[in-house]
Amino acid sequence: MNVGFVGLGAMGSGIVRRLLAAGHDVLGWNRTPAKADALVAEGMRRAGSPSEAAAESDVVFTMLTDARALDAVADEVVGGLRSDSIWLDMSTIAPDQSRALAARVPAGAAFLDAPVSGSLTTLAAGQLSIMVGGDRAAFERVEPLLLDVGPKVTYLGAQGNALLMKMAINLSLVVQGMSFCESVALAENAGIPREAAVDAVLKSVIASPMLQYRGPMILEGGRPETPFADAALQQKDQQLGLALGRELGAPLPFASLANEFLTVCRAAGLGDQEWIAVYDVFRRMGGAA
Ligand SMILES: NC(=O)c1ccc[n+]([C@@H]2O[C@H](COP(=O)([O-])OP(=O)(O)OC[C@H]3O[C@@H](n4cnc5c(N)ncnc54)[C@H](OP(=O)(O)O)[C@@H]3O)[C@@H](O)[C@H]2O)c1
């Protein structure tokens with residue numbers, strides 16, 4: 001399949017690298033063209049616009065920050081779709097925002113929501129998990145392509161369902177991260193060195209793939225220079241999930257509290273840091289300087 005790709009940020013670039021490595025022809029576009037230079041050097045063809053990326057491809061991926069960013073390119077992408085094209089959106093947005101985009105594709109073309117669970121490390125290691133919602137036949141056409149990005153591809157039925165599942169998982173992810181910080185801060189308050197506490201947690205039954213890569217980030221010098229997901233980006237997802245809970249009448253007490261800690265994180269000037277920097281907040285609440 002010819003692949004178009006719109007949005008070559010941190011995740012988009014990593015996904016394109018996986019597609020190129022598997023031998024696919026990728027025609028990519030990014031709002032800030034310089035961010036595409038390295039990928040062009042690695043074999044990606046550069047599209048002049050989102051509509052060109054869509055028009056010359058069987059499937060066009062979008063991987064953008066949020067619904068506002070998608071709105072900025074949607075007219076062009078839709079304009080480039082053919083009657084047999086597939087628009088596969090991997091961005092994390094609300095299911096109803098995704099359904100509104102799907103309603104805009106021309107007759108015959110398909111729209112799939114395909115959010116991902118994982119991080120830059122997970123992606124580079126070929127372990128990204130992808131969930132897909134939408135037309136089953138369209139899913140079956142793109143499935144081999146998605147398996148070249150990551151080995152865990154799950155079809156969840158109706159369009160929007162994959163995003164719903166992504167919201168549910170993300171709420172749990174932040175709660176787990178906060179709870180991890182609370183436990184390590186308790187240990188450190190009691191005099192156990194932070195390194196030893198983190199090491200013990202990561203060898204325990206509560207160690208998850210997420211804690212394996214994010215846990216060490218609370219150690220001295222462990223925080224990545226470019227965050228995998230900063231507190232502001234993570235709170236976008238948390239608030240999408242909480243809004244969904246309100247809409248469905250589903251109580252989300254732990255996720256609500258975790259959201260407040262993301263707010264504290266931003267108020268403490270840590271909004272542009274990896275969100276697990278919230279550990280500093282737990283330490284200060286426990287009396288540390
Ligand atoms: N980072 C993670 O670990 C992770 C994990 C799972 C899911 N996600 C989700 O994946 C999506 C992308 O995340 P990311 O980490 O790749 O973010 P990122 O590095 O900030 O990339 C965002 C992309 O969106 C583009 N963009 C933003 N506003 C735009 C606009 N108005 N018009 C056109 N393009 C626009 C950016 O273009 P410029 O380069 O021009 O700014 C860039 O290509 C998000 O929805 C995020 O929630 C992220």
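Computed from heavy atoms alone, side chains included, the values below leave out hydrogens, waters and symmetry copies. The residues of the chain are indexed from 1 along the displayed sequence. As the structure lists them, so they are numbered: ligands from 1, and atoms in each ligand from 1.
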Q: What's the shortest distance from atom 3 (O) of ligand 1 to any protein heavy atom, and which residue and atom give it?
A: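 Nearest protein contact, heavy atoms only, for atom 3 (O) of ligand 1 is F228 O, 3.4 Å.
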Q: Which other residues belong to the hydrophobic cluster containing L242, where Ile, Leu, Val, Met, Phe, Trp and Tyr are joined when side-chain heavy atoms lie under 4.5 Å apart, directly or via other members?
A: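 Its cluster partners, ordered by chain and number, are L171, L252.
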Q: Going by side-chain heavy atoms closer than 4.5 Å, which hydrophobic residues are tied to L156, directly or by a chain of links?
A: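 Same cluster as L156: M131, M165, I169.
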Q: Quick one: nearest non-hydrogen protein atom to atom 17 (O) of ligand 1, plus distance?
A: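 Closest protein heavy atom to atom 17 (O) of ligand 1: A10 N, 4.6 Å.
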Q: Determine, for E274 against R223, whether the closest basic-nitrogen to carboxylate-oxygen distance falls under 4.0 angstrom.
A: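 Result for this pair is no, no salt bridge flagged.
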Q: At under 4.0 Å between heavy atoms, is it the side chain or the backbone of K166 that contacts ligand 1, or both, or neither?
A: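 For K166, the contact with ligand 1 is made by the side chain alone.
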Q: Does ligand 1 have a heavy atom under 4.0 Å from the side chain of N30, from its backbone, from both, or from neither?
A: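 The part of N30 near ligand 1 is the side chain, not the backbone.
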Q: Could you tell me which atoms of ligand 1, counted from 1 in the order shown, lie closer than 4.0 angstrom to a heavy atom of G7?
A: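 Here the atoms of ligand 1 in question are 43 (O).
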Q: With the threshold set at 4.0 Å, does a side-chain nitrogen-carboxylate oxygen contact exist between D58 and R82?
A: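 R82 and D58: salt-bridged.
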Q: Given the rule in the salt bridge (Lys or Arg N to Asp or Glu O under 4.0 Å) test, do D75 and R104 qualify, once you have shown the distances and angles that lead to the verdict?
A: CA-CA 9 Å; D75 282 344; R104 295 174 63 176; 2.3 Å; yes
Q: Using heavy-atom distances only, which candidate in L123, D66, T92 approaches atom 7 (C) of ligand 1 most closely?
A: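 Shortest heavy-atom distance from atom 7 (C) of ligand 1: T92.
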Q: Sub-3.5 Å donor-acceptor pair from the side chain of K35 to the main-chain atoms of G7, do we have one?
A: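 Judged by distance alone, no pair lies under 3.5 Å.
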Q: With heavy atoms of L8 as the reference, note each atom of ligand 1 found under 4.0 Å away.
A: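 Ligand 1 atoms under the 4.0 Å threshold to L8: 43 (O).
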Q: Going by the order shown, which atoms of ligand 1 are within less than 4.0 Å of some heavy atom of S119?
A: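 Selected atoms, number and element: 3 (O).
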Q: Any heavy atom of G118 sitting closer than 4.0 Å to ligand 1?
A: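 Yes; G118 lies near enough to ligand 1 that a heavy-atom distance drops under 4.0 Å.
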Q: Consider only side-chain heavy atoms of I, L, V, M, F, W and Y, link residues closer than 4.5 Å, and tell whether V142 and L19 are in one cluster.
A: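 Yes, because V142 and L19 connect within a single hydrophobic cluster, where side-chain heavy atoms sit under 4.5 Å apart.
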Q: Hey, is I93 touching ligand 1 through its side chain, its backbone, both or neither, going by heavy atoms under 4.0 Å?
A: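 The answer is neither; I93 stays 4.0 Å or more away.
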Q: Below 4.0 angstrom from a heavy atom of G9, which ligand 1 atoms are there? Numbered from 1 as shown, please.
A: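 Contacts of ligand 1 toward G9, numbered from 1: 16 (O), 19 (O), 21 (O), 42 (C), 43 (O).
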Q: At under 4.0 Å between heavy atoms, is it the side chain or the backbone of M90 that contacts ligand 1, or both, or neither?
A: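 Neither part.
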Q: With ring centroids as reference points, do Y279 and F180 lie under 6.0 angstrom apart?
A: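 Here the rings of F180 and Y279 have centres that are no less than 6.0 Å from each other.
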Q: Decide, yes or no, whether a salt bridge links R18 with D148 under the criterion of side-chain N to carboxylate O below 4.0 Å.
A: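 Looking at D148 together with R18, the answer is no, because their closest N to O distance does not fall below 4.0 Å.
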Q: Only heavy atoms of A72, strictly under 4.0 Å: list the atoms of ligand 1 that pass.
A: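 Per the distance check, 31 (N), 32 (N).
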Q: With no hydrogens and no angle check, is any side-chain donor or acceptor of S57 less than 3.5 Å from a backbone partner on V60?
A: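 No, S57 side chain to V60 backbone: no donor-acceptor pair under 3.5 Å.
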Q: Taking D66 first and then R68, would you say they form a salt bridge - that is, a charged N and a carboxylate O separated by under 4.0 Å?
A: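 Salt bridge flag = no for R68 with D66.
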Q: Judged on heavy-atom distance to atom 46 (C) of ligand 1, which of R31, K236, M11 sits nearest?
A: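 Nearest option to atom 46 (C) of ligand 1, by heavy atoms: K236.
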Q: Look at atom 45 (O) of ligand 1 and find which of V73, T121, T65, D230 reaches it with the closest heavy atom.
A: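 Residue with the shortest heavy-atom distance to the ligand atom: T65.
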Q: Between K35 and ligand 1, which part of the residue brings a heavy atom under 4.0 Å of the ligand: side chain, backbone, both or neither?
A: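 The answer is the side chain.
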Q: Rounded to the nearest 0.5 Å, what separates atom OH in Y155 from atom CG in L146?
A: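 Interatomic distance, Y155 OH to L146 CG, rounded to 0.5 Å: 13.0 Å.
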Q: Are there protein heavy-atom neighbours of atom 40 (O) of ligand 1 below 4.0 Å?
A: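 Given the 4.0 Å limit, the answer for atom 40 (O) of ligand 1 is yes, a protein heavy atom qualifies.
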Q: Among L64, L233, T32, whose heavy atom sits nearest atom 12 (C) of ligand 1?
A: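 Going through L64, L233, T32 one by one, L64 has the nearest heavy atom to atom 12 (C) of ligand 1.
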Q: For atom 28 (N) of ligand 1, find the nearest protein heavy atom and state the residue, atom name and distance (0.1 Å precision).
A: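 Of the protein heavy atoms, A69 CB, 3.4 Å lies nearest.
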